[in-house]
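The next block holds one structure in the form of structure tokens; read it before the comments.
Order of listing sets the numbers, starting from 1, for every ligand and every atom in it.
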Amino acid sequence: MPAQKASNKKASKTSPATYANYINGAWVAAQNGETFANHNPADAREVVGYFPNSTAEDIDAAVAAAADAYPRWRLVPPPKRAEYIFRVGEILIRDKEAISRDMTREMGKVLKETRGDTQEAIDMAYFVAGEGRRLHGQTTTSELTDKFAMTVRDAIGVCGLITPWNFPIAIPSWKILPAILCGNTVVIKPAEDTPLSVYRFVKAFEEAGLPPGVVNMVTGYGETAGAPLVTHPTIRLVSFTGSTQVGRIIATQAADKGKKCSLEMGGKNAILVMDDANLDLAVEGAVWGAFGTAGQRCTAASRLIVHKKVVKKFTQMLVERTKGLRLGNGLDPATDVGPVVNQDQLERVLNYIAIGRTQDKAKLLCGGERITDGDLAHGYFIAPTVFGDVAPNATIAQEEIFGPVTAVIPCQGFEDAIAIANGVGYGLSASIYTGDVNRAFQAMRDLETGICYVNAPTIGAEVHLPFGGVKGTGNGHREGGLQALDIFSEWKTLYVDFSGRLQKAQITD
Ligand code: NAD
């Protein structure tokens, strides 16, 4: 796609910069010389920068660099690998404000949230760096005398990492950091809406002195840059976060080529509000869960399943709070909710709102439209939207909307709430607000999700705990926590026989 020049005088006094791919420790343009423009969703007239519109030949070069670096990197002792990662964490702390401001400019979420995103990468750097001196395996017994048995983690090889735009630096950190700690080398293809955040992240690796070829970045579109990475014969592992639709394509391609593949995909998360819940707390959690990041979180609370005894009061309180949210540019400290990320996302969310009103016949209680007042006319702003009286099987209660839209679904009681919560094709996150400890534990046991909160919203993951989902959300892997190491390493089992004779396991005569 050819670069376009920004026409907005207000947006930037200097021309937007043109960025490069990072291959083998050098900054290089796409081999076809093309770039694409990265726009600010709060004011689409502003071009944040131009990025290489890369294709298979750039992927080939990046994978070759990673393959060349791999035999040396896998032999660097893990505590030494961890030192680079620790240094990256320190660089991110130093640059946190600048990185976060750039992130808001390229994808719209409010500054306090982009600071949180950067902080998550910092937390991940320190967490993973600590693992450099652990990377524990097991020693165990042998059924034979004078025989020793143990397990160690082995590196896998060159990993292809594909990331979405909603957590522009946090999600790349969940993948790159454990991957390189385990001795792998990587090629990352960031989302086309957020290459600047990953560029800044990769700059930190460069400054930390990471050997060339260990981390490589190639920017571009999914089909032209992402797909060749997935199918490249040298790539041994594909780690993908994004939509279920694309994840399934990648899973099929990876299976066909016999590659290891970890997928983190969509969600349709529910907050359950019981009749004994602290309603003020539940409403506050629902507003943050539904409208944080303009609802563009995989863990967003897009369903609020509320006990019939309190649904009227809860809904009134929720609508009142929602109407008070201020829409605007995320760099403005007064803003509560920023824009959605791009024109396609705007149209997709407005389409779901139309489905909610017509096909689903849900009650539109607030929001429901694009906001074009004043400066907002140049961005992709949708008023935070609440639907009431939504049936559990309505389209807006079943499909991931990924925007500032939530559905209040009345329920008969606890068992009904659990059945409704589980009655979707996804299984990422769920939460329950209740004062009853028994109900809380039953919910933790019965909710079909990878993450479950009690008296807190569906968002708020911490890096040292596993993150991921069941059903249509994932394929059995977890990012974050020590479990992330299981994605990026293979177990090797070692037996040492010090008997000096041939011993045969299982053979008794
Ligand atoms: P997306 O699937 O459109 O794109 C994700 C990435 O895949 C991008 O880098 C894109 O360029 C690339 N891609 C697209 N087509 C490809 C192809 N054919 N081959 C290889 N790569 C391809 O998703 P998105 O719009 O960037 O992100 C939103 C989605 O991500 C939502 O569904 C959300 O729930 C999900 N998500 C999930 C998690 C999680 O941990 N479960 C976290 C964040 C986002």
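At least one heavy atom of F402 sits less than 4.0 Å from an atom of ligand 1. Judged by the shortest distance from any of its heavy atoms, T299 lies outside the 4.0 Å radius around the atoms of ligand 1.
The contact set between ligand 1 and G226, taken as ligand atoms under 4.0 Å from a residue heavy atom, comprises 19 (N), 20 (C), 21 (N). Those atoms of ligand 1 with a heavy atom of A227 less than 4.0 angstrom away are 19 (N), 20 (C). Under a 4.0 Å criterion applied to the non-hydrogen atoms of F240, ligand 1 contributes the atoms 2 (O), 5 (C), 6 (C), 7 (O). Within the listing of ligand 1, atoms 6 (C), 7 (O), 9 (O), 12 (C), 20 (C), 21 (N) sit less than 4.0 angstrom from a heavy atom of I162. Close contacts between ligand 1 and I171 involve ligand atoms 42 (C), 43 (C) [criterion: under 4.0 Å to a heavy atom]. Atoms of ligand 1 found under 4.0 Å from any heavy atom of T163, numbered from 1 in the order shown, are 6 (C), 8 (C), 9 (O). With ligand atoms numbered from 1 in the order given, ligand 1 contributes 24 (P), 25 (O), 26 (O), 27 (O) to contacts under 4.0 Å with heavy atoms of W165.
Looking at I250 against ligand 1, only its side chain comes within 4.0 Å, counting heavy atoms. The proximity of L229 to ligand 1, defined as any non-hydrogen pair under 4.0 Å, does not occur for either the backbone or the side chain. No part of R297 comes within 4.0 Å of ligand 1, judged by heavy-atom distances.
In this structure, atom 13 (N) of ligand 1 lies nearest to the protein heavy atom G222 CA, 3.4 Å. Scanning all protein heavy atoms for the shortest distance to atom 35 (C) of ligand 1 gives G242 O, 3.1 Å. Of all protein heavy atoms, the one closest to atom 15 (N) of ligand 1 is V246 CG1, 3.5 Å. Among protein heavy atoms, the minimum distance from atom 31 (C) of ligand 1 is reached at E400 OE1, 3.5 Å. From the protein, the heavy atom lying nearest to atom 41 (N) of ligand 1 is M265 O, 2.7 Å.
Inside a 4.0 Å radius of atom 2 (O) of ligand 1 there is at least one protein heavy atom.
A salt bridge is defined here as a Lys NZ or Arg NE, NH1 or NH2 lying under 4.0 Å from an Asp or Glu carboxylate O, and K203 with E207 fails to meet this definition. In summary, E46 and R105 engage in a salt bridge, as defined by a charged side-chain N under 4.0 Å from a carboxylate O.
Identified under the salt bridge (charged side-chain N to carboxylate O under 4.0 Å, His left out) test for residues 116-130, with sequence neighbours left out: K109-D117.
Side-chain contact annotation: Q119 with K96, donor-acceptor N/O pair under 3.5 Å present. Counted by atom type alone, D60 and H232 present one or more donor-acceptor pairs between their side chains at under 3.5 Å. Checking R153 against S489 by side-chain atom types alone, a donor-acceptor pair falls below 3.5 Å. Checked by atom type, the side-chain pair S54/N21 shows a donor-acceptor distance below 3.5 Å. Side-chain contact, N166 with Q296: no donor N or O sits under 3.5 Å from an acceptor N or O.
The distance criterion of under 3.5 Å between nitrogen or oxygen atoms is met by E192 with respect to ligand 1. Among the atoms of T241, none of the N or O lies under 3.5 angstrom from an N or O of ligand 1. Between T244 and ligand 1, not a single N/O pair is under 3.5 Å apart.
Here Q253 pairs with nothing under the side-chain hydrogen bond (donor to acceptor under 3.5 Å, both in side chains) rule; sequence neighbours left out.
The cationic group of R297 lies under 6.0 Å from the six-membered ring centre of W288 and within 45° of the ring axis, placing it in a cation-pi geometry.
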